[in-house]
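Every heavy atom of this structure was used, including side-chain atoms; hydrogens, water molecules and symmetry mates were not.
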Amino acid sequence: MGIAVSIQQVVKDFPGLRALDGVSLEISEGEFFGLLGPNGAGKTTLISCLAGLVRPTSGSLSILGNDVQRDYREARRRLGVVPQELVFDPFFSVRETLRFQSGYYGIRNNDDWIDEILANLDLTAKADTNMRRLSGGMKRRVLVAQALVHRPPVIVLDEPTAGVDVELRQTLWQFIRRLNQEGHTVILTTHYLEEAESLCGRIAMLKQGRVVALDTTHNLLARFS
C-alpha cells in the first residue's frame, strides 16, 4: 500500500503567530484518518497548505507523489476538499454548480456520476433549485458534492458536520464510508471524538501547531480515556 499524503516538517508562520510548527505525517492509501484538536490547533491551516491555498513557510507536502507546490495541478486533481465555510455561487442551480465544478477539472458528460452523488446525498429533489434557496444543511451537502464531483482519490473533510442536523450527518457518513471501502483515502478534521472513534483507523492530535499524539484510534482512546 502506497503513501496517499506525505507531510514533512511543515512550518507556517503568520505575523505574530506560528500556526504550524514542524508537522510531519504520512497517511496511507485507503486510510480513514482523523485530525483532532481544539480551535486554533492548526488543523485548517494544514488542510489549506495541503490544498495549495496557503504556502508553507518551510517543509513539503505531496499527494500521491505529487508535490503540492511543484506539481500543483496534478496534486489538486487528486484531492477533494470540503471546507468549513459555506461558499457558494448564488446564480446557479445545484446541478449547474456541479457541472461547472466538473468543467474546472476538464471533465465532460459527467451527469451519471453527478446523479449518483445527488442521490447519495439526498439532493435529487433539489437538483434544479437555485443555491440561494437552499437551507444551510443543503448547502453543506452541495459542498460535499462539489468536492467529490471529479472522483478524487483523496478526500479531505474539514469539520463537515459542524452545526448540521443528525440526518445529514448519517447520510454523509454512510456515503463517505462507502467511498473509503472502495479505496478512497479520507482525512477528517473534527471536534467530535465520537465521530473519529466510529470512523477513523488512526488519529493525529494537534495542539498549538504540533502533533502531540499519533496512533491507532483504539490505542489513543485507551491512553486518553
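A distance of 7.5 Å separates CZ of Arg141 from CG of Leu121, quoted to the nearest 0.5 Å. Annotation: the span from Met138 atom CE to Leu123 atom CG amounts to 6.0 Å, rounded to 0.5 Å. To the nearest 0.5 Å, atom CG of residue Leu118 and atom CH2 of residue Trp113 are 10.5 Å apart. One finds the CE atom of Met205 at 5.5 Å from the CG atom of Leu36 (value rounded to the nearest 0.5 Å). Once rounded to the nearest 0.5 Å, the distance linking CG of Leu61 with CZ of Arg55 reads 11.5 Å. The structure places OG1 of Thr185 at 8.0 Å from CD1 of Ile27, a figure rounded to the nearest 0.5 Å.
Looking at heavy atoms from C-beta onward, Cys49 lies in side-chain contact with Leu20 at the 4.5 angstrom threshold. Considering only heavy atoms from C-beta on, Val156 stays 4.5 Å or farther from Val82 through its side chain. Counting only heavy atoms from C-beta outward, the side chains of Asp128 and Val94 never approach each other to under 4.5 Å. At least one side-chain heavy atom of Leu148 sits under 4.5 Å from a side-chain heavy atom of Val144. A heavy-atom distance below 4.5 Å is found between the side chains of Arg99 and Asp111. Between Ile114 and Ser102 the shortest side-chain heavy-atom distance falls below 4.5 Å. Side-chain contact check for His150 versus Gln101: every heavy-atom pair is 4.5 Å or farther apart. Side-chain contact check for Ile155 versus Ile187: every heavy-atom pair is 4.5 Å or farther apart.
Remark: side-chain polar atoms of Lys43 are paired, donor with acceptor, to backbone N or O of Pro38 under 3.5 angstrom. For the pair Asp71 (side chain) and Asp67 (backbone), a donor-acceptor distance under 3.5 Å is present.
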Could you go step by step and tell me if Glu116 and Arg178 meet the salt bridge (charged side-chain N to carboxylate O under 4.0 Å, His left out) rule? CA-CA 13 Å; Glu116 188 171 341; Arg178 192 194 104 191; 2.6 Å; yes
Between Glu195 and Thr190, is a side chain to side chain donor-acceptor pair (under 3.5 Å) present by the stated rule, with each step listed? CA-CA 8 Å; Glu195 276 189 351; Thr190 181; 3.1 Å; yes
Applying side chain to side chain contact (heavy atoms under 4.5 Å, CB included), run through Lys126 and Val142 and close with a yes or a no. CA-CA 10 Å; Lys126 302 290 185 182; Val142 177; over 6 Å; no
Determine, step by step, whether Asn66 and Arg77 satisfy the side chain to side chain contact (heavy atoms under 4.5 Å, CB included) criterion, reporting the C-alpha distance in whole Å, the side-chain angles of both residues, the deciding distance to 0.1 Å, and the verdict. CA-CA 10 Å; Asn66 298 278; Arg77 285 180 69 89; over 6 Å; no
For the pair Lys12 and Asp21, evaluate salt bridge (charged side-chain N to carboxylate O under 4.0 Å, His left out) and give the outcome as yes or no after the intermediate values. CA-CA 7 Å; Lys12 178 57 186 176; Asp21 192 7; over 6 Å; no
Check the pair Asn130 / Ser93 against side chain to side chain contact (heavy atoms under 4.5 Å, CB included), numbers first and verdict last. CA-CA 4 Å; Asn130 187 283; Ser93 70; 5.7 Å; no
Mind running side chain to side chain contact (heavy atoms under 4.5 Å, CB included) on Arg18 and Val11 for me, showing each step along the way? CA-CA 8 Å; Arg18 174 155 287 189; Val11 173; 3.6 Å; yes
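The hydrophobic clustering, which links ILVMFWY residues whose side-chain heavy atoms are closer than 4.5 Å, places Leu206 and Leu199 apart. The hydrophobic clustering, which links ILVMFWY residues whose side-chain heavy atoms are closer than 4.5 Å, places Leu188 and Val23 apart. Cluster membership for Val186 and Val5, using ILVMFWY side-chain heavy atoms within less than 4.5 angstrom, is not shared. In the hydrophobic clustering of this structure, Val81 does not group with Phe32; members are Ile, Leu, Val, Met, Phe, Trp, Tyr whose side-chain heavy atoms approach within less than 4.5 Å, directly or through other members. Criterion: ILVMFWY side-chain heavy atoms under 4.5 Å apart, direct or through other members. Under it, Val149 and Ile176 are part of a common hydrophobic cluster.
In this structure, Arg177 places its CZ atom where more than 12 heavy-atom neighbours from other residues, nucleotides or ligands lie under 6.0 Å away. Annotation for Gln174: atom CD does not count as buried by contact number, only 12 or fewer foreign heavy atoms lying within 6.0 Å. Taking a 6.0 Å sphere around CD of Gln208, one finds it holds 12 or fewer heavy atoms contributed by other residues, nucleotides or ligands.
A donor-acceptor pair shorter than 3.5 Å can be found between the side chains of Asp158 and Thr189. There is a side-chain donor-acceptor pair under 3.5 Å between Ser24 and Gln9.
The heavy-atom pair separating Gly80 from Pro152 by the smallest distance is N-CB, 3.5 Å. Of all non-hydrogen atoms in Tyr72 and Gly52, the two that sit nearest each other are CE1-CA, 3.8 Å. Phe33 approaches Leu214 most closely through the heavy-atom pair CZ-CD1, 3.7 Å. Across all non-hydrogen atoms, the minimal contact from Glu31 to Glu26 is OE1-O, 4.4 Å. Across all non-hydrogen atoms, the minimal contact from Thr129 to Ala125 is OG1-O, 4.3 Å. The shortest heavy-atom contact between Gly59 and Gln69 is O-NE2, 4.4 Å.
For the ring pair (Phe, Tyr, Trp, His ring centres under 6.0 Å) test, no residue two or more places apart in sequence or in another chain qualifies with His184. In terms of the salt bridge (charged side-chain N to carboxylate O under 4.0 Å, His left out) criterion, Arg132 has no residue partners (sequence neighbours excluded).
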